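Report on the structure given below.
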Amino acid sequence: MDDLLLRAPSLKAASALQIAHDVFGLDGEVSALPSERDQNFLLRTSANDRFVLKIANGHEQRAFLEAQNAALTHVARRVGFCPTVVPARDGTLLSQTTGLFGEVHFVRLLTWLPGVPLGSVSDQSDGLLEDFGGAVAELDGALEDFDHRAIHRDFHWDLARGLQLVREQAPSISDVQTRALVSVLLDRIAARDAHKFARLRRAAVHNDPNDYNVLVSVPPDTRSHESIGSAFTRTITGILDFGDMVHSYAIADLAIAIAYGVLGKTDPLGAAVSIVRGYHRSRSTDDDEISSLFGLVLLRLCTSICLAARQQAQRPGDDYLAISQGPIARTLPLLAALDPDAVEEAFREARGKTIEETLAARRRVIGRNVSVSYRRPLKIVRGWMQHLFDQTGRRYLDAFNNVPHVGHSHPRVVRAATEQLLVLNTNTRYLHDKLAMFAERLIATLPAPLGVCYFVNSGSEANELALRLARAHTRRRDVVVLDAAYHGNTTTLVDISPYKFNGPGGEGAPPWVHVLPQPDTYRGKFKRDDPRAGEKYAEFARHVRNPGAFIAETAPSVGGQVILPDRYLASVYAIVRAAGGVCIADEVQTAYGRMGTHFYAFEAHGVVPDIVVLGKPIGNGYPLGAVVTTPEIAASFDNGMQFFSTFGGSTLSCAVGLAVLDVVQEERLQDHAQDVGARLLDRLKGLAGAHPLIGDVRGSGLFLGVELVKNRETLEPATAEAAGVAEALRDRGILIGTDGPFDNVLKIRPPMPFTHEDADLLVSTLDEVLSEISQSAGRTL
Ligand code: PMP
């Protein structure tokens, strides 16, 4: 530590200018900026661009500067308020210069960020402090998956070393009162918090988001750092100086932000609570962290006192070293007087209900196999059209959910439901015009002879009923299904869903279920280049004797966003019907214009099913399922046994169903899906050229799949990579899913209002994520 100060560079402005010219090809003016142990210059070029020229301490290790550069590059992808590294003329991010006495200093150039130090702003509102906490949390979130061996270092500012450092250094504090206070606090932290410190999560941290490393916007029309009144809301514009980075307690940055953020405040606890509240807008803390936080805040301030005492002994009169000491001396006694338990309670309240608590509550009372998406689960509190919002207000582009077909919370649907609920909601045993109205509207979207409707509450119930209809009509039990298919969660539907009965916990196919190969022309036996692939796959149906029903999704979704080959359905239907069976189209995922070309996916195949099953999109999230069949099959089902569903066909569900259909038709969502989907498909196909991981891109309208493979010849599935892509997209605010027998198909089925801009954002972000994944794969080779 002592050496560091002695080996601080001391270049003259002229030398700095020379470096800017020689190394970076930039000319202009330089002025000195403050630094503890390096030398920083503001470089203003003749073109009026501004940069920060950083001359590192002679002691600084190359690896650590590389770590800083890597961290800056890493976080730049996630947050917009940190400097980025400007390459030298030779393309490198780290250059060298030789000082007056032959000593070597590393040189870097960073982008300059606008704003003034938070510490220089006299009127720090609660909102500004919350934003400060929020920015620190965003930075921590961005650093969470960053690592570099050079930040695993023994560093005197590392809070994980704080207790030891303060214990060693406290006796050298010259002021008697301060020395006594530090010693009391040290004992208190050791007794109350030290055992929790050992359990704290560790991560890469900035380690110095103090109020002079954090920049805020300057009010317009003023050059002073003072506020011009409440009309101007300041925002955080920068977090600087990654020179203290270390792998330490993940909560360290919040503790440090609080430690400096409370200095000079008349109500330090109020200020701390604002920072904690802001932090939890985008990041959660666990119980140990929230309970240790105040102890870490005090420990940081004690560390600062101890290190300043030592440094001042070395460089008496250096004002920069003492910049925080006056305010610390004034504020620390106020903090010491607070009851740590009361502070902890205030912090707990400020963090609100965290993700962990919500998850823990769910785990206590909900079955464990009700799964949650993502490594870091999302807590979603609001939806609007093609966007979802989490508890911090962060917006996610929803490229996955096909249930909110016309958009999350579509006002027309919400209004129809609310208005109906205010008046009446009852069952089909009473007459109400909306029941037949909805059925008529639905039948009008379907080809003849599909003319009789039944309403239920889910896709599963609809498939159950479809099987009953088929069995009543054919008086046969056997069912023919496609491999990897999923048709619902009931006992019988699990029996006809290979995805379930062949998956974890499954018990295999019952004898009455016959599985045909999935007609997948990418991975299957007959490929896309075979013009008769459809007929050839259909031939497998001939082996089934006495089929009662053939059921298939018209475009298998759980099966991997598969597009059936031409003439497949027509051929299978012909074979099954000739053998006495009926054909069920499970359109739960594909109905209502999603495929772009047609209102129902089966229409693209030139067939008319005997029974059509509808679910998910037709209620836009309200539980609504429907089965539409022919008068003949309906007549067979009408065998004396009544069919009744308490909620199926309720007044409310019909009102919702009508509103959804209105929106789909009036907003011309099928055409929209065709238009946006074509561009999305095209651009996704374009990505395949740059990313060998992409094996296949397929789909129609807003029903798309991107299949990832490790090898385009062997088609070895890239399952882990697909999961990684979904996670990385989530981190960047985009939601997709994965599916297929190998879970290696990126599944894209957004709400239909998805725009061209959304499509472009999805593609460019996917491009970025795939590059990153292949780079990191390259690194581990
Ligand atoms: N069929 C298909 C093709 C499905 O994808 C699903 C649901 N994923 C169902 C039926 C079952 O629908 P629900 O979950 O509404 O019961």
Side-chain angles (χ1 to χ4, degrees), residues 367 369-371 373 400-405 454-470 479-501 503 513 515-516 518-520 549-564 569 583-592 594-595 600-602 605 609 611-628 645-650 653 656-657 660 699-700 702-705 735-741 743 745 747-751:
N369 52 350
V370 180
S371 68
S373 298
F400 184 52
N401 278 285
N402 59 349
V403 178
H405 190 71
Y454 302 85
F455 293 117
V456 288
N457 314 298
S458 64
S460 297
E461 276 183 87
N463 273 329
E464 276 283 340
L465 180 58
L467 286 184
R468 285 183 64 195
L469 290 170
V479 179
V480 185
V481 299
L482 295 187
D483 202 3
Y486 174 67
H487 293 292
N489 60 36
T490 65
T491 309
T492 313
L493 295 178
V494 168
D495 278 347
I496 68 158
S497 297
Y499 165 72
K500 291 287 177 197
F501 66 62
V513 172
V515 181
L516 306 185
Q518 169 146 264
D520 172 352
F550 166 79
I551 179 168
E553 275 187 276
T554 320
S557 184
V558 170
Q561 302 292 93
V562 172
I563 299 294
L564 300 180
L569 274 190
C583 298
I584 305 172
D586 181 338
E587 289 267 348
V588 165
Q589 302 251 8
T590 47
Y592 273 32
R594 172 158 299 278
M595 310 302 283
Y600 296 101
F602 68 77
H605 294 271
I611 302 170
V612 173
V613 171
L614 302 173
K616 296 182 192 286
I618 71 168
N620 207 50
Y622 181 85
L624 183 51
V627 181
V628 190
S645 161
T646 304
F647 304 123
S650 71
S653 68
V656 169
V660 174
S700 175
L702 287 173
F703 180 95
L704 302 165
L735 310 182
I736 61 153
T738 59
D739 231 322
D743 217 7
V745 181
K747 187 158 158 173
I748 301 168
R749 307 164 313 190

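Just follow the structure's listing: the first ligand is 1, and inside any ligand the first atom is 1. This structure is a prediction, so every number in the text was calculated from the model and none was measured.
- For the side-chain contact (heavy atoms from CB on, under 4.5 Å) with Leu702, the qualifying choice from Met595, Arg749, Arg594 is Arg594, the only one to do so.
- Within ligand 1, counting atoms from 1 as listed, the ones closer than 4.0 Å to a heavy atom of Ser458 are 15 (O), 16 (O).
- The atoms of ligand 1 that sit less than 4.0 Å from any heavy atom of Gln589 are 3 (C), 4 (C), 5 (O), 8 (N).
- Of all protein heavy atoms, the one lying nearest to atom 1 (N) of ligand 1 is Asp586 OD2, 2.8 Å.
- Surrounding CZ of Phe647 are at most 12 heavy atoms belonging to other residues, nucleotides or ligands under 6.0 Å away.
- Applying side-chain contact (heavy atoms from CB on, under 4.5 Å) to Ser460 and the options Val494, Thr492, Asn489 leaves one that passes, Asn489.
- Residue Asn463 approaches ligand 1 through these ligand atoms, each under 4.0 Å from one of its heavy atoms: 1 (N), 10 (C).
- What sits closest to atom 16 (O) of ligand 1 on the protein, heavy atoms only, is Ser460 OG, 2.5 Å.
- Taking only nitrogen or oxygen atoms, main chain and side chain alike, Gly459 reaches within less than 3.5 Å of ligand 1.
- Within the 4.5 Å cutoff, no side-chain heavy atoms of Tyr600 are placed close to those of Thr554.
- Remark: minimum distance from atom 8 (N) of ligand 1 to any protein heavy atom is reached at Lys616 NZ, 2.9 Å.
- In this structure, Glu461 does not count as a contact residue of ligand 1, since none of its heavy atoms falls inside 4.0 Å of the ligand.
- His487 O, 3.9 Å is the protein heavy atom nearest to atom 9 (C) of ligand 1.
- Here the closest heavy-atom approach between residue Ser653 and residue Tyr622 is recorded as CB-CE2, 3.5 Å.
- Distances below 4.0 Å separate heavy atoms of Glu553 from the following atoms of ligand 1: 3 (C).
- Formation of a donor-acceptor pair under 3.5 Å by the Asn401 side chain with backbone atoms of Val403 is not found in this model.
- You'll find the side chain of Ile496 reaches within 4.5 Å of the side chain of Leu467, heavy atoms only.
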